[in-house]
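Data first, discussion second: the structure below is written as C-alpha coordinates.
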There are 2 protein chains.
Amino acid sequence: MVTAPSAAPLEDRASKERLRLWLRILRATRMVESELRERLKSGFGTTLPRFDVLSALYRRPDGMGMSDLSRFLLVSNGNVTGIVDRLVADGLVLRGKRDGDRRASVVRLTDEGAAAFEAMAGAHEQWIDELLAGVGEADARQLSAMLKSFRSNWEAEP
Amino acid sequence: MVTAPSAAPLEDRASKERLRLWLRILRATRMVESELRERLKSGFGTTLPRFDVLSALYRRPDGMGMSDLSRFLLVSNGNVTGIVDRLVADGLVLRGKRDGDRRASVVRLTDEGAAAFEAMAGAHEQWIDELLAGVGEADARQLSAMLKSFRSNWEAEP
DNA sequence: CCGGTATATTTCAAGCATGAAGTTTCAAGG
DNA sequence: CCTTGAAACTTCATGCTTGAAATATACCGG
(Lines give C-alpha, C1' and ligand atoms only; values in the text may rest on other atoms or scores of the structure.)
Protein backbone atom coordinates (compact mmCIF):
# COMPACT_ATOMS: atom_id res chain seq x y z
CA MET A 1 0.00 0.00 0.00
CA VAL A 2 2.35 2.69 -1.10
CA THR A 3 -0.24 4.75 -2.92
CA ALA A 4 0.57 8.39 -2.50
CA PRO A 5 -1.89 10.15 -0.20
CA SER A 6 -2.88 13.38 -1.92
CA ALA A 7 -0.92 12.74 -5.05
CA ALA A 8 -3.84 11.93 -7.27
CA PRO A 9 -2.46 13.05 -10.61
CA LEU A 10 -3.60 16.56 -11.37
CA GLU A 11 -4.96 15.51 -14.70
CA ASP A 12 -7.02 12.84 -13.04
CA ARG A 13 -8.61 15.29 -10.64
CA ALA A 14 -9.46 17.60 -13.48
CA SER A 15 -10.89 14.68 -15.39
CA LYS A 16 -13.22 13.75 -12.54
CA GLU A 17 -14.27 17.34 -12.21
CA ARG A 18 -15.13 17.53 -15.89
CA LEU A 19 -17.12 14.33 -15.71
CA ARG A 20 -19.07 15.69 -12.78
CA LEU A 21 -19.65 18.91 -14.66
CA TRP A 22 -20.89 17.07 -17.71
CA LEU A 23 -23.37 15.04 -15.71
CA ARG A 24 -24.74 18.18 -14.15
CA ILE A 25 -25.03 19.98 -17.45
CA LEU A 26 -26.89 17.00 -18.78
CA ARG A 27 -29.33 16.95 -15.89
CA ALA A 28 -29.94 20.67 -16.02
CA THR A 29 -30.50 20.55 -19.75
CA ARG A 30 -32.94 17.70 -19.48
CA MET A 31 -34.92 19.39 -16.74
CA VAL A 32 -35.24 22.61 -18.70
CA GLU A 33 -36.01 20.84 -21.94
CA SER A 34 -38.66 18.69 -20.41
CA GLU A 35 -40.31 21.70 -18.82
CA LEU A 36 -40.25 23.56 -22.13
CA ARG A 37 -41.65 20.58 -23.96
CA GLU A 38 -44.52 20.35 -21.54
CA ARG A 39 -45.33 24.05 -21.70
CA LEU A 40 -45.14 24.16 -25.47
CA LYS A 41 -47.53 21.29 -25.64
CA SER A 42 -50.06 22.48 -23.10
CA GLY A 43 -49.78 26.14 -24.10
CA PHE A 44 -49.52 25.92 -27.87
CA GLY A 45 -50.12 22.33 -28.83
CA THR A 46 -46.72 21.98 -30.45
CA THR A 47 -43.39 20.30 -29.81
CA LEU A 48 -39.83 21.39 -29.17
CA PRO A 49 -38.43 20.24 -32.53
CA ARG A 50 -41.21 22.02 -34.38
CA PHE A 51 -40.51 25.17 -32.40
CA ASP A 52 -36.82 24.89 -33.18
CA VAL A 53 -37.51 24.70 -36.89
CA LEU A 54 -39.92 27.62 -36.83
CA SER A 55 -37.41 29.60 -34.84
CA ALA A 56 -34.61 28.90 -37.29
CA LEU A 57 -36.75 29.82 -40.27
CA TYR A 58 -38.06 32.98 -38.67
CA ARG A 59 -34.58 34.46 -38.73
CA ARG A 60 -34.34 33.82 -42.47
CA PRO A 61 -37.25 35.29 -44.36
CA ASP A 62 -35.59 34.17 -47.57
CA GLY A 63 -35.68 30.58 -46.46
CA MET A 64 -33.07 27.90 -45.90
CA GLY A 65 -32.13 24.66 -47.59
CA MET A 66 -32.86 21.42 -45.81
CA SER A 67 -29.20 20.80 -45.23
CA ASP A 68 -28.66 24.27 -43.80
CA LEU A 69 -31.49 23.60 -41.45
CA SER A 70 -30.11 20.29 -40.30
CA ARG A 71 -26.63 21.72 -39.85
CA PHE A 72 -27.97 24.63 -37.88
CA LEU A 73 -30.13 22.54 -35.59
CA LEU A 74 -27.50 19.83 -35.21
CA VAL A 75 -29.84 17.05 -36.19
CA SER A 76 -29.73 14.57 -39.02
CA ASN A 77 -30.98 15.23 -42.51
CA GLY A 78 -33.67 12.61 -42.38
CA ASN A 79 -34.94 14.07 -39.18
CA VAL A 80 -35.53 17.49 -40.67
CA THR A 81 -37.44 15.95 -43.56
CA GLY A 82 -40.01 14.51 -41.19
CA ILE A 83 -40.48 17.61 -39.08
CA VAL A 84 -40.78 19.86 -42.11
CA ASP A 85 -43.25 17.43 -43.68
CA ARG A 86 -45.52 17.81 -40.71
CA LEU A 87 -45.12 21.58 -40.59
CA VAL A 88 -45.99 21.77 -44.27
CA ALA A 89 -49.05 19.60 -43.67
CA ASP A 90 -50.08 22.06 -40.97
CA GLY A 91 -49.62 25.01 -43.31
CA LEU A 92 -46.87 26.64 -41.28
CA VAL A 93 -44.04 26.05 -43.71
CA LEU A 94 -43.60 26.10 -47.46
CA ARG A 95 -41.26 23.94 -49.50
CA GLY A 96 -40.05 25.70 -52.62
CA LYS A 97 -37.56 24.87 -55.33
CA ARG A 98 -34.43 26.87 -55.97
CA ASP A 99 -33.90 28.22 -59.47
CA GLY A 100 -30.95 26.63 -61.16
CA ASP A 101 -30.62 23.63 -58.87
CA ARG A 102 -33.37 21.12 -58.98
CA ARG A 103 -31.94 19.15 -56.10
CA ALA A 104 -32.13 21.86 -53.51
CA SER A 105 -35.34 22.97 -51.91
CA VAL A 106 -35.88 26.18 -50.06
CA VAL A 107 -37.95 26.04 -46.95
CA ARG A 108 -39.62 29.14 -45.57
CA LEU A 109 -42.36 30.15 -43.17
CA THR A 110 -45.84 30.89 -44.40
CA ASP A 111 -47.54 33.94 -42.91
CA GLU A 112 -49.37 31.60 -40.65
CA GLY A 113 -46.07 30.03 -39.62
CA ALA A 114 -44.52 33.39 -38.84
CA ALA A 115 -47.57 34.38 -36.82
CA ALA A 116 -47.48 31.10 -34.95
CA PHE A 117 -43.84 31.60 -34.05
CA GLU A 118 -44.40 35.18 -32.96
CA ALA A 119 -47.18 34.03 -30.71
CA MET A 120 -44.81 31.61 -28.98
CA ALA A 121 -41.52 33.49 -28.97
CA GLY A 122 -42.40 35.84 -26.14
CA ALA A 123 -43.63 33.09 -23.90
CA HIS A 124 -40.57 31.04 -24.71
CA GLU A 125 -38.16 33.78 -23.75
CA GLN A 126 -40.08 34.37 -20.57
CA TRP A 127 -40.00 30.68 -19.68
CA ILE A 128 -36.26 30.52 -20.17
CA ASP A 129 -35.89 33.58 -18.03
CA GLU A 130 -37.92 31.95 -15.32
CA LEU A 131 -36.24 28.57 -15.56
CA LEU A 132 -32.76 30.06 -15.47
CA ALA A 133 -33.68 32.57 -12.81
CA GLY A 134 -31.01 31.11 -10.56
CA VAL A 135 -28.31 32.41 -12.89
CA GLY A 136 -27.40 36.05 -12.41
CA GLU A 137 -26.60 38.26 -15.38
CA ALA A 138 -22.88 38.30 -14.68
CA ASP A 139 -22.74 34.54 -14.36
CA ALA A 140 -24.79 34.16 -17.50
CA ARG A 141 -22.39 36.37 -19.39
CA GLN A 142 -19.34 34.51 -18.17
CA LEU A 143 -20.82 31.11 -18.78
CA SER A 144 -22.00 32.16 -22.17
CA ALA A 145 -18.54 33.32 -23.12
CA MET A 146 -17.04 30.08 -21.95
CA LEU A 147 -19.47 28.07 -24.03
CA LYS A 148 -18.80 30.23 -27.03
CA SER A 149 -15.09 29.54 -26.90
CA PHE A 150 -15.88 25.92 -26.24
CA ARG A 151 -17.86 25.83 -29.42
CA SER A 152 -15.14 27.54 -31.38
CA ASN A 153 -12.62 24.91 -30.37
CA TRP A 154 -15.08 22.48 -31.74
CA GLU A 155 -15.80 23.78 -35.14
CA ALA A 156 -12.20 24.39 -36.05
CA GLU A 157 -11.46 20.67 -36.30
CA PRO A 158 -12.48 19.51 -39.78
CA MET B 1 -39.15 58.48 -31.43
CA VAL B 2 -38.64 59.11 -27.78
CA THR B 3 -37.25 55.70 -26.96
CA ALA B 4 -34.64 56.01 -24.29
CA PRO B 5 -31.15 55.32 -25.64
CA SER B 6 -29.50 52.92 -23.20
CA ALA B 7 -32.50 52.50 -20.99
CA ALA B 8 -33.33 48.94 -21.94
CA PRO B 9 -34.88 47.68 -18.72
CA LEU B 10 -32.31 45.84 -16.67
CA GLU B 11 -34.52 42.81 -16.41
CA ASP B 12 -34.87 42.73 -20.14
CA ARG B 13 -31.12 42.70 -20.67
CA ALA B 14 -30.74 39.89 -18.20
CA SER B 15 -33.51 38.01 -19.92
CA LYS B 16 -31.78 38.25 -23.30
CA GLU B 17 -28.55 37.15 -21.72
CA ARG B 18 -30.22 34.09 -20.23
CA LEU B 19 -31.83 33.19 -23.52
CA ARG B 20 -28.46 33.44 -25.25
CA LEU B 21 -26.95 31.30 -22.52
CA TRP B 22 -29.63 28.69 -22.87
CA LEU B 23 -29.16 28.41 -26.61
CA ARG B 24 -25.44 27.94 -26.15
CA ILE B 25 -25.88 25.32 -23.47
CA LEU B 26 -28.23 23.51 -25.78
CA ARG B 27 -25.79 23.56 -28.67
CA ALA B 28 -22.88 22.45 -26.54
CA THR B 29 -24.90 19.63 -25.03
CA ARG B 30 -26.05 18.42 -28.41
CA MET B 31 -22.54 18.45 -29.81
CA VAL B 32 -21.13 16.46 -26.93
CA GLU B 33 -24.04 14.05 -26.85
CA SER B 34 -23.88 13.37 -30.53
CA GLU B 35 -20.16 12.72 -30.32
CA LEU B 36 -20.66 10.35 -27.40
CA ARG B 37 -23.46 8.54 -29.17
CA GLU B 38 -21.28 8.01 -32.19
CA ARG B 39 -18.33 6.74 -30.19
CA LEU B 40 -20.45 4.43 -28.06
CA LYS B 41 -21.88 2.96 -31.19
CA SER B 42 -18.69 2.52 -33.16
CA GLY B 43 -16.60 1.55 -30.15
CA PHE B 44 -19.00 -0.65 -28.20
CA GLY B 45 -22.03 -1.17 -30.36
CA THR B 46 -24.37 0.36 -27.83
CA THR B 47 -26.40 3.52 -27.35
CA LEU B 48 -26.46 6.42 -24.95
CA PRO B 49 -29.72 5.48 -23.19
CA ARG B 50 -28.47 1.92 -22.67
CA PHE B 51 -25.21 3.28 -21.28
CA ASP B 52 -27.13 5.58 -18.96
CA VAL B 53 -29.13 2.68 -17.58
CA LEU B 54 -26.09 0.48 -17.09
CA SER B 55 -24.33 3.37 -15.39
CA ALA B 56 -27.22 3.97 -13.02
CA LEU B 57 -27.47 0.30 -12.11
CA TYR B 58 -23.75 -0.10 -11.65
CA ARG B 59 -23.86 2.24 -8.68
CA ARG B 60 -26.53 0.08 -7.05
CA PRO B 61 -25.48 -3.53 -6.79
CA ASP B 62 -28.73 -4.21 -4.94
CA GLY B 63 -30.75 -3.02 -7.85
CA MET B 64 -33.35 -0.32 -8.39
CA GLY B 65 -37.06 -0.24 -9.08
CA MET B 66 -38.22 0.83 -12.50
CA SER B 67 -39.63 4.04 -11.10
CA ASP B 68 -36.41 4.87 -9.28
CA LEU B 69 -34.61 4.38 -12.54
CA SER B 70 -36.92 6.63 -14.47
CA ARG B 71 -36.79 9.32 -11.80
CA PHE B 72 -33.02 9.17 -11.70
CA LEU B 73 -32.58 9.35 -15.45
CA LEU B 74 -35.29 11.95 -15.87
CA VAL B 75 -37.13 9.96 -18.48
CA SER B 76 -40.64 8.58 -18.55
CA ASN B 77 -41.68 5.27 -17.07
CA GLY B 78 -42.67 3.73 -20.34
CA ASN B 79 -39.34 4.65 -21.80
CA VAL B 80 -37.39 2.76 -19.16
CA THR B 81 -39.51 -0.33 -19.74
CA GLY B 82 -38.40 -0.52 -23.34
CA ILE B 83 -34.71 0.07 -22.71
CA VAL B 84 -34.61 -2.45 -19.88
CA ASP B 85 -36.49 -4.97 -22.04
CA ARG B 86 -33.73 -4.78 -24.61
CA LEU B 87 -30.98 -4.94 -22.03
CA VAL B 88 -32.61 -8.02 -20.51
CA ALA B 89 -32.84 -9.59 -23.96
CA ASP B 90 -29.12 -8.97 -24.33
CA GLY B 91 -28.40 -10.57 -20.98
CA LEU B 92 -26.94 -7.44 -19.39
CA VAL B 93 -29.73 -6.82 -16.93
CA LEU B 94 -31.97 -8.93 -14.75
CA ARG B 95 -35.54 -8.20 -13.77
CA GLY B 96 -36.36 -9.59 -10.34
CA LYS B 97 -39.35 -9.36 -8.06
CA ARG B 98 -39.27 -7.75 -4.66
CA ASP B 99 -40.37 -9.87 -1.71
CA GLY B 100 -43.53 -8.56 -0.18
CA ASP B 101 -44.62 -6.38 -3.06
CA ARG B 102 -45.56 -8.14 -6.20
CA ARG B 103 -46.00 -4.92 -8.11
CA ALA B 104 -42.44 -3.71 -7.81
CA SER B 105 -39.63 -5.21 -9.80
CA VAL B 106 -36.00 -4.88 -8.96
CA VAL B 107 -33.66 -4.37 -11.84
CA ARG B 108 -29.99 -5.17 -11.47
CA LEU B 109 -26.94 -5.81 -13.61
CA THR B 110 -25.89 -9.31 -14.49
CA ASP B 111 -22.18 -10.08 -14.25
CA GLU B 112 -22.03 -9.63 -17.97
CA GLY B 113 -23.76 -6.27 -17.63
CA ALA B 114 -21.32 -5.10 -14.98
CA ALA B 115 -18.40 -6.21 -17.10
CA ALA B 116 -19.84 -4.44 -20.12
CA PHE B 117 -20.19 -1.23 -18.17
CA GLU B 118 -16.70 -1.46 -16.73
CA ALA B 119 -15.33 -1.91 -20.20
CA MET B 120 -16.99 1.32 -21.29
CA ALA B 121 -16.68 3.51 -18.22
CA GLY B 122 -13.02 4.34 -18.64
CA ALA B 123 -13.38 5.27 -22.28
CA HIS B 124 -16.43 7.34 -21.45
CA GLU B 125 -14.64 9.36 -18.80
CA GLN B 126 -11.75 9.89 -21.14
CA TRP B 127 -14.04 11.06 -23.91
CA ILE B 128 -15.72 13.58 -21.65
CA ASP B 129 -12.32 14.78 -20.56
CA GLU B 130 -11.31 15.25 -24.15
CA LEU B 131 -14.55 16.86 -25.25
CA LEU B 132 -14.57 19.31 -22.36
CA ALA B 133 -10.87 19.96 -22.61
CA GLY B 134 -11.58 23.64 -23.16
CA VAL B 135 -12.87 23.94 -19.60
CA GLY B 136 -10.20 24.38 -16.95
CA GLU B 137 -10.49 22.69 -13.59
CA ALA B 138 -11.33 25.92 -11.78
CA ASP B 139 -14.00 26.80 -14.29
CA ALA B 140 -15.38 23.31 -14.12
CA ARG B 141 -15.63 23.52 -10.37
CA GLN B 142 -17.36 26.87 -10.42
CA LEU B 143 -19.74 25.90 -13.17
CA SER B 144 -20.49 22.67 -11.46
CA ALA B 145 -21.34 24.44 -8.24
CA MET B 146 -23.62 26.82 -10.08
CA LEU B 147 -25.48 24.00 -11.72
CA LYS B 148 -25.81 22.19 -8.44
CA SER B 149 -27.53 25.14 -6.82
CA PHE B 150 -29.57 25.54 -9.95
CA ARG B 151 -30.77 22.02 -9.56
CA SER B 152 -31.56 22.49 -5.90
CA ASN B 153 -33.80 25.44 -6.68
CA TRP B 154 -35.56 23.09 -8.96
CA GLU B 155 -36.28 20.14 -6.84
CA ALA B 156 -37.61 22.11 -3.91
CA GLU B 157 -40.78 23.01 -5.80
CA PRO B 158 -43.23 20.12 -5.40
C1' DC C 1 -20.94 13.90 -74.73
C1' DC C 2 -19.69 10.47 -70.95
C1' DG C 3 -18.42 8.73 -66.76
C1' DG C 4 -17.37 9.46 -62.24
C1' DT C 5 -17.76 12.00 -58.13
C1' DA C 6 -19.98 15.08 -55.18
C1' DT C 7 -24.23 17.35 -53.35
C1' DA C 8 -29.23 17.73 -51.83
C1' DT C 9 -32.75 15.39 -50.34
C1' DT C 10 -35.84 11.38 -49.18
C1' DT C 11 -36.85 6.79 -47.50
C1' DC C 12 -36.55 3.26 -44.25
C1' DA C 13 -35.77 0.30 -40.13
C1' DA C 14 -34.72 0.44 -35.50
C1' DG C 15 -34.56 2.55 -31.33
C1' DC C 16 -35.75 6.40 -28.13
C1' DA C 17 -39.23 9.39 -25.85
C1' DT C 18 -43.56 11.06 -24.11
C1' DG C 19 -48.16 10.94 -22.10
C1' DA C 20 -52.34 8.57 -21.57
C1' DA C 21 -54.78 4.47 -20.61
C1' DG C 22 -54.77 -0.10 -18.69
C1' DT C 23 -53.37 -4.02 -15.30
C1' DT C 24 -52.13 -5.78 -11.05
C1' DT C 25 -51.16 -5.27 -6.42
C1' DC C 26 -51.07 -3.04 -1.96
C1' DA C 27 -52.97 -0.43 2.02
C1' DA C 28 -56.59 1.40 4.66
C1' DG C 29 -61.17 2.41 6.30
C1' DG C 30 -65.39 1.03 6.85
C1' DC D 1 -64.40 -9.01 4.23
C1' DC D 2 -64.82 -5.34 0.45
C1' DT D 3 -64.46 -1.12 -1.58
C1' DT D 4 -61.72 2.73 -2.68
C1' DG D 5 -57.62 4.96 -3.75
C1' DA D 6 -52.84 4.91 -4.54
C1' DA D 7 -48.62 2.86 -6.39
C1' DA D 8 -45.62 0.11 -9.73
C1' DC D 9 -45.42 -1.27 -14.08
C1' DT D 10 -46.70 -2.10 -18.98
C1' DT D 11 -48.90 -1.10 -23.28
C1' DC D 12 -49.99 1.77 -26.97
C1' DA D 13 -50.19 5.59 -30.38
C1' DT D 14 -47.55 9.18 -31.98
C1' DG D 15 -43.66 11.62 -32.90
C1' DC D 16 -38.59 12.33 -32.77
C1' DT D 17 -33.85 10.68 -34.01
C1' DT D 18 -30.21 8.42 -36.15
C1' DG D 19 -27.53 6.25 -39.76
C1' DA D 20 -27.56 3.80 -43.93
C1' DA D 21 -29.28 3.16 -48.48
C1' DA D 22 -31.66 5.08 -52.42
C1' DT D 23 -32.76 8.85 -55.86
C1' DA D 24 -31.98 12.64 -58.44
C1' DT D 25 -29.31 16.28 -59.94
C1' DA D 26 -25.05 18.95 -60.58
C1' DC D 27 -20.29 19.45 -61.89
C1' DC D 28 -15.99 18.23 -64.00
C1' DG D 29 -12.20 16.06 -66.49
C1' DG D 30 -11.44 13.77 -70.41
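Source: prediction; values computed, not measured. Basis for what follows: all heavy atoms, side chains included, without hydrogens, waters or symmetry-related copies. A note on names: the letters A, B, ... follow the listed sequences, proteins ahead of strands, and every chain is numbered from 1.
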- prompt: Can a cation-pi geometry be assigned to B/Arg108 and B/Tyr58, taking NZ or CZ under 6.0 Å from the six-membered ring centre and within 45° of the ring axis?
  reply: no
Side-chain donor or acceptor of B/Thr110 paired with backbone N/O of B/Leu92 under 3.5 Å: yes
query: Taking atom P of D/dA7 as reference, at what distance in whole Å does atom CG of B/Asp68 sit?
result: 14 Å
query: What's the CG-P distance between A/Leu73 and D/dT18, to the nearest Å?
result: 10 Å
task: May I ask you to decide whether B/Arg37 forms a salt bridge with B/Glu33, counting only side-chain N to carboxylate O separations under 4.0 Å?
output: no
- line: Separation of D/dA7 atom C1' from B/Arg102 atom CZ, nearest Å, is 15 Å
- prompt: Does any N or O in the side chain of A/Asp68 come within less than 3.5 Å of the main-chain N or O of A/Gly65, such that one atom is a donor and the other an acceptor?
  reply: yes
message: On DNA chain C, does the nearest nucleotide to A/Arg98 precede the nearest nucleotide to A/Ser34 from the 5' side, or the other way round? Give the residue.
response: A/Arg98
task: Take the protein atom CG of B/Leu69 and the nucleotide atom P of D/dC9, then report the distance between them rounded to whole Å.
output: 10 Å
- request: May I ask you to check whether B/Phe51 and B/Phe117 place their ring centres under 6.0 Å from each other?
  value: yes
task: To the nearest 0.5 angstrom, please state how far the CZ atom of A/Arg103 sits from the CE atom of A/Met66.
output: 15.0 Å
Validation: residues 17-25 of chain B side-chain donor-acceptor distances under 3.5 Å, sequence neighbours left out:
residue	atom	partner	partner atom	Å
B/Glu17	OE1	A/Arg141	NH1	3.1
B/Arg18	NE	A/Leu132	O	3.2
B/Arg18	NE	A/Val135	O	2.9
B/Arg18	NH1	A/Asp129	OD1	2.4
B/Arg18	NH2	A/Val135	O	3.3
B/Arg24	NH1	A/Ser144	O	3.3
B/Arg24	NH1	A/Ser144	OG	2.8

query: What is the distance, rounded to the nearest whole Å, between atom CG of A/Leu40 and atom P of D/dG15?
result: 16 Å
- request: Using atom CZ of B/Arg39 as one end and atom C1' of D/dT18 as the other, report the distance to the nearest whole Å.
  value: 18 Å
- prompt: Does any N or O in the side chain of B/Arg95 come within less than 3.5 Å of the main-chain N or O of B/Val107, such that one atom is a donor and the other an acceptor?
  reply: no
task: Take the protein atom CG of A/Leu48 and the nucleotide atom C1' of D/dT17, then report the distance between them rounded to whole Å.
output: 13 Å
message: Taking B/Leu40's backbone N and O only, do any of them form a donor-acceptor pair with B/Thr46's side chain (distance below 3.5 Å, no angle check)?
response: no
Where do N or O atoms of nucleotides 3-8 of chain C meet protein N or O atoms at under 3.5 Å, pair by pair?
residue	atom	partner	partner atom	Å
C/dT7	O2	A/Arg103	NH1	2.7

query: To the nearest angstrom, how far is B/Glu38 atom CD from D/dG19 atom P?
result: 6 Å
Contact list (N/O, under 3.5 angstrom) for nucleotides 11-17 of chain C vs protein:
residue	atom	partner	partner atom	Å
C/dC16	OP1	B/Thr47	OG1	3.0
C/dC16	OP2	B/Arg86	NE	2.3
C/dC16	OP2	B/Arg86	NH2	2.2
C/dA17	OP2	B/Asn79	ND2	3.3
C/dA17	O5'	B/Asn79	ND2	3.2

